[in-house]
Structure formats: structure tokens, C-alpha cells
Number of protein chains: 4
Amino acid sequence: MSSLNKVCLIGNLGNDPEMRYTVDGVAITNLSIATSEKWKDKDGKKQEKTEWHRIVFYKGLAEVAGEYLKKGAMIYLEGKLRTREWEDKEGIKRFTTEITGNLLKMLDKNPIKHPVDGTALDEDEDPDIPF
Amino acid sequence: MSSLNKVCLIGNLGNDPEMRYTVDGVAITNLSIATSEKWKDKDGKKQEKTEWHRIVFYKGLAEVAGEYLKKGAMIYLEGKLRTREWEDKEGIKRFTTEITGNLLKMLDKNPIKHPVDGTALDEDEDPDIPF
Amino acid sequence: MSSLNKVCLIGNLGNDPEMRYTVDGVAITNLSIATSEKWKDKDGKKQEKTEWHRIVFYKGLAEVAGEYLKKGAMIYLEGKLRTREWEDKEGIKRFTTEITGNLLKMLDKNPIKHPVDGTALDEDEDPDIPF
Amino acid sequence: MSSLNKVCLIGNLGNDPEMRYTVDGVAITNLSIATSEKWKDKDGKKQEKTEWHRIVFYKGLAEVAGEYLKKGAMIYLEGKLRTREWEDKEGIKRFTTEITGNLLKMLDKNPIKHPVDGTALDEDEDPDIPF
DNA sequence: TTTT
DNA sequence: TTTT
């Protein structure tokens with residue numbers, strides 16, 4: 001009956017966000033977030049594994065993500081898992097699992113670079129940045 | 001630097017768990033969990049969408065999941081996202097996203113049916129069931 | 001800068017919910033939820049400890065909680081921690097920590113008893129129950 | 001039956017951690033973490049409210065928290081709620097709600113200052129800092 | 001008592 | 001493939 005589908009991530013953007021608009025004018029932003037795990041194996045040797053997560057934001061969050069995040073930024077996000085079906089070039093059915101984000105918090109104090117015009121913006125100078 | 005990779009699900013098993021052992025004797029159990037979302041579309045018509053999640057448990061949790069869960073059971077689980085690379089029959093690289101479970105709680109009071117021998121077991125009668 | 005204040009609970013109501021309205025007509029519902037922990041102590045003796053959580057829902061969730069939950073019901077809830085200051089009879093400052101709920105999911109299939117009139121209602125008979 | 005008692009916080013330490021040892025040699029560290037919420041009220045005026053959370057870490061996490069955190073540090077933590085009963089000077093029963101932490105991640109890249117001796121330590125120079 |  |  002009731003169900004829960006929740007993902008919480010803290011990680012860094014692997015690239016600048018990619019923002020676009022549907023024909024209806026809905027903003028969509030795609031991100032890649034890296035999380036990494038460190039551990040020692042049986043031989044005491046340090047190991048590290050990085051996991052990449054595909055994130056999609058819609059509407060208001062897409063605008064915020066597209067405007068204020070950039071490559072390397074550290075964020076906290078919550079969302080839900082969604083597996084999409086698509087066809088590759090050979091017409092073979094494929095699946096991709098993404099996280100549809102519904103909460104976003106920026107976790108570092110880096111100056112913010114607008115991806116569009118490349119100008120740097122210090123958060124302290126803009127009281128309307130929604131983090 | 002620091003990162004977080006966490007998934008929390010509440011849902012029902014689509015099938016009996018599949019449990020196996022590696023050559024080293026490590027238990028591995030695979031599950032499918034359904035979560036579903038209901039909403040009303042623009043026309044006020046009820047919509048429902050089901051999402052299927054692939055779960056993997058290892059070691060002790062794999063044993064617990066393999067022995068005490070069955071098709072239809074409602075569970076709460078926590079885990080982390082992991083995308084595995086594999087090759088299909090044509091040798092084409094494919095990706096599958098799974099959740100490696102690290103916490104499991106059973107949420108219904110159904111009598112528990114052992115998948116192996118089909119005997120029913122009432123939880124109240126067994127003080128050692130680890131939920 | 002950014003912060004997160006989140007609580008997730010699965011537990012049972014210790015009593016029927018208490019619902020009231022402010023003079024402005026805003027619904028407020030108070031609940032107590034029990035969570036319990038089991039473990040074995042050093043002597044291998046089973047121990048159990050129950051924790052009680054004070055929950056407050058407002059507006060729509062308060063109406064839902066007040067109407068559809070009852071003593072013993074099992075729920076999943078998310079909310080945030082809030083510590084309120086108040087004065088006891090002797091005028092001494094006291095603090096109470098509560099969880100302001102912002103998500104509620106019912107986890108059992110019990111017939112629902114309206115606290116007001118005591119009539120039982122089977123969820124299957126009411127397509128508008130918002131779980 | 002099954003239950004869940006989980007808190008997730010991102011916030012800043014209000015003071016240096018307070019670390020001590022029980023007579024059995026178990027490390028215990030107490031922290032205060034601030035989370036804050038911003039919103040606009042009906043008149044469009046910006047409002048902000050800070051919530052303070054009492055955190056307790058035990059054993060290994062207590063040592064880590066006591067050694068590597070300091071006033072102002074931003075952390076992510078998970079834990080569980082616990083309400084303790086105690087008696088005030090007048091012998092009146094009081095309650096305090098705390099979070100027993102079971103996961104800790106440091107979220108800023110500040111040089112780490114040991115509270116004890118005031119020496120600064122750059123995380124990059126110490127491969128054994130457990131974050 | 002933090003942080004912005 | 002679940003559940004309601």
C-alpha cells in the first residue's frame with residue numbers, strides 16, 4: 001500500500017549542470033554527482049571507489065541548479081529513483097536509472113560561476129540566492 | 001571530500017528472494033522491491049506509476065532476507081546506490097543500477113513462509129527472528 | 001550556511017491522535033509514537049527499550065492524521081526537530097522537543113476507527129483516504 | 001514490531017566539542033549543532049529561526065568528534081533520538097532530548113584545530129583523518 | 001552557542 | 001514481478 005522511494009546524496013558535481021527547456025517552457029537540469037567510498041582491503045591497502053549518480057531537476061529547482069551550481073560544487077540533495085526505458089542506436093531496449101531531485105542544498109562557500117556568461121558571483125553579494 | 005550515498009525504501013517484494021552463495025561461502029540475496037506513486041493528472045484522472053528497485057544483500061542480511069522474506073512482504077530498507085557494468089550477449093557494455101542494502105526491517109505481520117520448504121512460521125512464535 | 005533538520009520514524013501510536021483547531025481555523029494534531037530497540041546485553045540477556053516521540057502535524061496533515069490514525073496504528077513519518085520553551089506551574093522555564101511532521105504514510109491495513117464517533121471504516125471502502 | 005528512529009542533520013558546531021571518559025574508559029563527546037530555517041512571512045519580511053540540537057557520540061566516534069571537530073565546523077550526522085530523564089536542583093523530574101550519533105561526516109575544508117593544544121592541522125596532510 |  |  002504505502003511506499004517510500006527516497007535518495008539522499010552528498011557529493012560534488014562532475015561537470016557544469018546542463019539546463020534546457022521543454023517546448024512547454026519547463027526547465028530541466030541534468031547533473032552528475034560523485035560520491036566516493038574509502039576502505040582498507042584485507043591487505044591493509046587503501047581502496048577508493050567513486051560512484052556517479054545522474055540527477056534530474058525540474059521547474060524551479062532546475063532553474064536554481066542551472067544557475068547557481070557549477071562543476072566541483074558540493075551539494076546535498078534528496079530525490080527519488082526512477083528507471084527510464086529508452087532505445088539505443090540498434091533499437092535495443094535499454095534502462096537508465098536516475099534520481100529526480102526534490103530538495104537541493106549547496107554545501108560549499110565557493111564563488112558561484114554562472115555557466116552562461118562565465119562571470120563569477122560571490123554568494124555574499126547576492127542576498128537572493130535561494131540556498 | 002566527504003560524501004553520502006543513501007537510499008531509503010518502503011515497498012513490497014515482487015517475488016521470493018533469490019539467495020545464493022559465492023565460492024567463498026558468502027551469502028548473496030537479490031530482491032525486487034516495488035514502490036508506487038499516485039497522483040491526479042490535469043484532467044483530475046487518477047494515475048499510478050510503479051517503480052521497481054533491484055536490491056542486493058550480502059552476508060548476514062542476505063541470510064535474513066533469504067530466509068524470512070517472501071513475495072509480497074512489505075519492508076523498509078536502507079542501502080547505497082551502485083551502478084555495475086556488464087556485457088550483454090552481443091558484447092555491448094551495459095549498466096545496471098542496484099541498491100546494496102545495509103539495513104532491513106520487516107513491516108508486516110504476515111505469517112512467514114520459508115521459500116525453501118514452504119512451511120509457515122508465525123513470527124510471534126519465534127523469538128529469534130531478527131526483525 | 002545550508003542546513004538540514006530531518007527526522008524519519010517508523011512506529012506505533014501510543015494513543016488516539018489529539019486534534020484541535022486554532023482560533024484562525026488551523027488544524028493541529030498531536031501524536032505520540034513509540035519506537036523500540038532490542039539488543040542483547042553482555043550477559044546475553046535480551047533487553048528492550050522504548051522511546052516515545054511527540055509529534056505535531058499542522059493543516060492538511062493534521063486533518064489526515066486526526067481522522068485516519070488511531071491508537072496502535074503503524075506509521076512512517078518525516079519531520080523536523082523543534083525545541084519549544086514553556087513555563088511550568090512554578091514559573092520555571094522548561095523545554096520540550098517535538099517533531100513537526102511534514103510527511104505521513106500509514107503502514108498497516110487495520111480497519112480505521114474514527115476517533116470521534118467510534119465507527120470502523122475499512123480503507124478499501126473509501127477511495128479518498130489519502131495514503 | 002519493527003521500528004525506525006533516525007535523525008539526519010547538517011549544521012555547524014556552536015562550540016568546541018566536550019570530550020570525557022567514563023570510569024570504564026569509554027569516550028563520550030557532547031556537541032551542539034545549529035540548524036537554521038529561513039522563510040518570508042506574510043508581509044514578505046525575511047525571517048530566520050535557529051534550532052539547537054544536543055548531540056552525544058560514544059566510543060570511536062566520540063574520539064573522532066573530540067579530536068577533529070571544533071566550533072563552527074559544518075558536519076553531516078546521523079543518529080537516533082533519545083529522551084533522558086534527570087532531576088534538577090529542586091528534585092523535580094525533567095526531560096532532555098538528545099541525538100545519539102552513529103555516523104559523522106565533516107563537510108568543510110577548514111584547517112582543523114585541535115581544541116586541546118590549539119595547533120592547526122590541514123586535513124590534506126594527514127591521510128589518517130577518518131572523514 | 002554556529003553559519004550565511 | 002508487489003501492494004492498495
Novice: Verify side-chain contact (heavy atoms from CB on, under 4.5 Å) between B:Ile75 and B:Leu31, making sure each step is shown before the conclusion.
Specialist: CA-CA 11 Å; B:Ile75 62 171; B:Leu31 300 179; 4.1 Å; yes

Novice: Return the value, rounded to whole Å, for the distance between atom CG of D:Leu77 and atom P of E:dT2.
Specialist: 18 Å

Novice: Please work out which residues in residues 6-15 of chain B have a non-hydrogen atom less than 4.0 Å from an atom of DNA chain E and list them by number.
Specialist: none

Novice: Is there, by distance only and without an angle test, a donor paired with an acceptor across the side chain of D:Thr50 and the base of E:dT2 below 3.5 Å?
Specialist: yes

Novice: Starting at atom CG of C:Leu107, determine the distance to atom C1' of F:dT4, rounded to an integer number of angstrom.
Specialist: 13 Å

Novice: F:dT3 P sits how many Å from B:Glu37 CD, rounded?
Specialist: 19 Å

Novice: Are C:Lys105 and C:Glu78 ion-paired here, with the side-chain N under 4.0 Å from a carboxylate O?
Specialist: no

Novice: May I have the distance from B:Trp39 (atom CH2) to F:dT4 (atom P), rounded to whole angstrom?
Specialist: 20 Å

Novice: Who pairs with B:Glu37 by salt bridge (Lys or Arg N to Asp or Glu O under 4.0 Å), at least two apart in sequence or on another chain?
Specialist: A:Lys80

Novice: Restricting to side-chain contact (heavy atoms from CB on, under 4.5 Å), what partner residues turn up for D:Ile28, sequence neighbours left out?
Specialist: D:Arg20, D:Thr22, D:Asn30, D:Val56, D:Tyr58

Novice: Any ion pair linking D:Arg84 and D:Glu98 (charged N to carboxylate O, less than 4.0 Å)?
Specialist: yes

Novice: Is atom NZ of C:Lys93 surrounded by more than 12 heavy atoms (other residues, nucleotides or ligands) closer than 6.0 Å?
Specialist: no

Novice: Would you mind reading off the distance between D:His53 atom NE2 and E:dT1 atom P, rounded to a whole angstrom?
Specialist: 17 Å

Novice: Using a cut-off of 6.0 Å, state whether more than 12 heavy atoms not belonging to D:Arg82 lie near its atom CZ.
Specialist: yes

Novice: Any base atoms under 4.0 Å from A:Ser3, or only sugar-phosphate, or nothing? Heavy atoms, all strands.
Specialist: nothing

Novice: Among E:dT1, F:dT1, E:dT4, find the nucleotide with the atom closest to the side chain of B:Lys71.
Specialist: F:dT1

Novice: Expressed as a whole number of angstroms, how long is the span from D:Asn30:CG to E:dT1:P?
Specialist: 18 Å

Novice: Starting at atom NZ of D:Lys70, determine the distance to atom P of E:dT3, rounded to an integer number of angstrom.
Specialist: 10 Å

Novice: Please report the distance, rounded to the nearest Å, between CG in D:Leu31 and P in E:dT2.
Specialist: 15 Å

